[in-house]
J.: 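Have a look at the structure that comes next, please.
Model, not experiment: these values are computed from the prediction.
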Amino acid sequence: FFFFQGVILGVIVDRYNSSRELRADELEKAKAGYIKKAFDLLTTTELNVVTHKQLMAIFLILNDDFDEIPTIPQYEATLLFAILDTDGSEMLEEEEFANFGAAMLLEFIAFDKFEPALERYFPSVKESALYKKIRDIVLSPVFENGVDFIVLLNALVVIIQMYPILIGQQASENPHLNDGLIDSPWEIMETLFTLLFVIEMLLKIATLGWSRYILTLRNKFDGIITVLAVIATFYVYSPNSYNDSHLIRFIVMARSLRVFRLFLAIKPFQEMSNAFFGIMPATGRVFLALFCIVYSFSWIGMMSFGGRLNRDPNSQYSSLLDGTDFAGSFYWANNFNDLLSGVNVCYNLLVINNWNVFESGIDAICETKYYRFYFLTFYIFGVMIVNNLVIALIIDYFLEEVEKDGDAEDADALDDQANLVFDSDDMPTPKAFGRYVATLKPDYHRTPLTKKTVLKKLFASRVGRDA
């Protein structure tokens with residue numbers, strides 16, 4: 001049986017990969033065909049090019065007639081034309097126009113918004129040797145390693161505090177925790193950790209700037225926890241009727257979740273994390289198929305077994321359940337008496353949760369053995385096929401992530417946490433736009449690798465990576 005199940009998994013993985021590659025090829029060919037058709041419609045002159053005026057007219061039509069496309073401001077439309085116009089001729093040839101679809105995935109943010117407020121309002125600070133030294137330290141791996149070490153100490157303190165509770169012992173309550181004063185060793189350490197993380201947050205905001213600080217999910221999480229800890233500290237230790245420092249301890253426990261970021265520094269965990277987030281769009285379709293299967297079988301089960309699994313003494317079926325494992329385990333909620341209860345049963349069977357107990361109840365109320373075909377069919381469609389499909393997705397995305405890692409420098413230029421900084425002076429255009437940060441629009445963060453490669457080519461030889 002397990003050999004047969006392994007064969008099914010192999011077939012599903014092979015079929016899924018083949019269909020996925022075929023669909024990707026078809027989409028690429030279709031997109032290239034549509035771009036070529038658009039280019040042919042626009043090029044009515046002997047020059048066989050798309051002019052600046054024509055492309056601006058396209059953006060105007062997109063803004064007026066296509067609500068699903070975010071409005072493209074005039075400066076952004078001109079900037080997109082300059083990016084596509086790689087030779088600075090103010091006209092787009094067919095090869096340049098072919099990147100139009102890729103360019104539409106970009107959004108631009110003025111680089112000034114990423115400038116730290118300290119440098120913006122006090123320009124002389126940038127030339128300060130002390131500021132440069134602090135900035136170099138904050139941006140260095142040594143600083144992050146130091147923060148990680150403090151996070152580990154914080155987690156260790158939390159474990160020591162909670163150890164008696166974790167092992168099931170009755171923990172004695174320290175009366176100092178409720179006196180509204182910082183006068184116990186634990187309160188001193190919690191306050192010290194809060195102070196250190198406040199300093200970390202302020203240093204990063206001062207040197208990176210607010211806009212750049214909140215770009216990463218990690219900084220957002222760290223900042224929220226730090227702010228909550230500061231608010232809780234002031235609320236507990238300021239003169240008021242509430243003085244229970246356990247509130248701070250709970251927030252400190254949440255802060256200890258930062259220790260998981262250490263795992264992301266390990267390459268295999270990075271690959272697992274990227275594969276997990278990459279699989280999310282595909283799992284949506286799998287869960288939709290699973291929902292349809294569960295809904296259909298729940299309805300069939302309600303029509304076939306509805307009203308039979310009950311303990312109503314007036315029912316002819318209740319006495320049949322006496323002495324069964326189903327009745328002894330109080331599985332009465334697992335029935336097909338209504339649609340939602342049927343969905344509950346199907347999901348229990350999906351994870352193969354005590355199916356033998358449920359089987360004892362069904363076997364008692366059914367006068368024939370043919371009911372087993374219902375559960376066998378559900379097992380084949382719901383467990384063997386869908387479950388193996390999920391495994392196939394995981395294997396496929398993980399292998400893709402491993403292969404992508406080898407070409408990360410060439411193909412992963414616009415990942416979720418990466419941005420491209422470019423200056424119009426580096427582009428072959430007479431117009432001056434200033435410095436911008438180019439990044440993928442939020443809806444396209446999981447754009448396929450091939451598309452990211454095309455996006456990088458848009459900035460070939462004129463892009464500097466922002467550290």
J.: Dump the intermediate steps for ring pair (Phe, Tyr, Trp, His ring centres under 6.0 Å) on F97 and F100, then the final yes or no.
T.: CA-CA 5 Å; F97 188 77; F100 177 78; 5.6 Å; yes
J.: What is the minimum heavy-atom distance between C346 and S298, and which atoms define it?
T.: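 Smallest interatomic distance, heavy atoms only, reads SG-OG, 3.6 Å.
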J.: How are the rings of F193 and F197 set to each other: parallel, tilted or perpendicular (split at 30° and 60°)?
T.: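 Taking F197 first and then F193, their aromatic rings lie parallel (interplane angle under 30°).
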J.: Could you tell me whether the side chain of F297 reaches within less than 4.5 Å of the side chain of T377, counting heavy atoms only?
T.: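 Sidechains of F297 and T377: in contact.
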J.: Salt-bridged, E26 to R23, with N to O below 4.0 Å?
T.: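 A salt bridge is absent here (no side-chain N lies under 4.0 Å from a carboxylate O).
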J.: Taking side-chain contact (heavy atoms from CB on, under 4.5 Å) as the definition, give me every residue that meets it alongside S304, ordered by chain and number, with sequence neighbours left out.
T.: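 Testing S304 for side-chain contact (heavy atoms from CB on, under 4.5 Å), a comparison that skips the adjacent residues, returns I300.
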J.: Side chains of L92 and Q54, heavy atoms from C-beta outward: is any pair under 4.5 Å?
T.: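 They are not in side-chain contact.
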J.: May I ask you to test the L202-V198 pair for a side-chain heavy-atom distance under 4.5 Å?
T.: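 Sidechains of V198 and L202: in contact.
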J.: Which heavy atom of Y295 sits nearest a heavy atom of L339, and at what distance?
T.: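 What the structure gives for the nearest pair is CE1-CD2, 3.5 Å.
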J.: Do L290 and L350 touch side chain to side chain, with heavy atoms closer than 4.5 Å?
T.: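 The answer is yes, as the side chains (C-beta and beyond) meet within the 4.5 Å cut-off.
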J.: Got a sec, which residues hit side-chain contact (heavy atoms from CB on, under 4.5 Å) with A77, two or more places apart in sequence or on another chain?
T.: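 By the side-chain contact (heavy atoms from CB on, under 4.5 Å) rule, A77 matches M56, F59, I72.
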J.: Nearest 0.5 Å, what's the CG-CD1 distance between L118 and I205?
T.: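 If I round to the nearest 0.5 Å, the distance is 12.0 Å.
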J.: Between E200 and V147, which heavy-atom pair has the shortest distance, and what is it?
T.: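 Shortest heavy-atom separation between E200 and V147 comes out as OE2-CG1, 3.6 Å.
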J.: About how many Å separate CG of D40 and NZ of K36, when rounded to the nearest 0.5 Å?
T.: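 If I round to the nearest 0.5 Å, the distance is 3.5 Å.
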J.: Does V383 reach the side chain of L349, with side-chain heavy atoms less than 4.5 Å apart?
T.: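 V383 vs L349: side chains apart.
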J.: What I want to find out is whether D25 reaches K29 closely enough, with some N-O distance under 4.0 Å, to be called a salt bridge.
T.: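 A salt bridge is absent here (no side-chain N lies under 4.0 Å from a carboxylate O).
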J.: Do I58 and L42 come within less than 4.5 Å of each other through their side chains, counting heavy atoms only?
T.: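 A side-chain contact under 4.5 Å exists here.
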J.: Do you know which two heavy atoms are closest between G382 and V386, and how far apart they sit?
T.: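 The pair with the smallest heavy-atom distance is O-CB, 3.4 Å.
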J.: With sequence neighbours left out, which residue pairs that include part of residues 60-84 fulfil the ring-ring contact (aromatic ring centres under 6.0 Å, His included) condition?
T.: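 Listed by first then second residue: H52-F81.
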J.: Do D136 and K132 pass the salt bridge (charged side-chain N to carboxylate O under 4.0 Å, His left out) test, and can you show the C-alpha distance, the side-chain angles, and the key distance before you say yes or no?
T.: CA-CA 6 Å; D136 290 341; K132 290 181 179 179; over 6 Å; no
J.: Hey, does I137 have a side-chain heavy atom less than 4.5 Å from the side chain of L203?
T.: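 SC-SC contact between L203 and I137 ruled out.
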J.: Got a second to check how far S140's OG is from R135's CZ, nearest 0.5 Å?
T.: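 Answer rounded to 0.5 Å: 11.5 Å.
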J.: Taking the six-membered ring for Trp, are Y374 and F305 parallel (under 30°), tilted (30 to 60°) or perpendicular (over 60°)?
T.: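 Y374 vs F305 ring planes: perpendicular.
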J.: Say whether, by atom type as modelled, one donor and one acceptor occur between the side chain of E94 and the main chain of F39 under 3.5 angstrom.
T.: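 The answer is no, because no donor-acceptor pair under 3.5 Å joins these two groups.
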J.: Once rounded to the nearest 0.5 Å, what's the spacing between atom CD of E127 and atom CZ of F122?
T.: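 Reported to 0.5 Å precision, the distance equals 15.5 Å.
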J.: Please give me the minimum heavy-atom distance between I293 and F381, naming the atom from each residue.
T.: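 Looking at all heavy atoms of both residues, the closest pair is CD1-O, 3.9 Å.
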J.: Starting at CG of L196, measure out to OG1 of T191 and round the result to the nearest 0.5 Å.
T.: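 Nearest 0.5 Å value for the CG-OG1 distance: 11.0 Å.
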J.: Which atom names give the shortest non-hydrogen contact between V227 and M201, and what distance separates them?
T.: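 Heavy atoms only, the tightest pair is CG2-CE, 3.9 Å.
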J.: In terms of the angle between their ring planes, are F358 and F336 parallel, tilted or perpendicular, with boundaries placed at 30° and 60°?
T.: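 Judged by the thresholds at 30° and 60°, the geometry between F358 and F336 is perpendicular.
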J.: With the side chain counted from C-beta on, respond yes when V230 and T194 share a heavy-atom pair under 4.5 Å apart, and no when they do not.
T.: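 Side-chain contact under 4.5 Å: yes.
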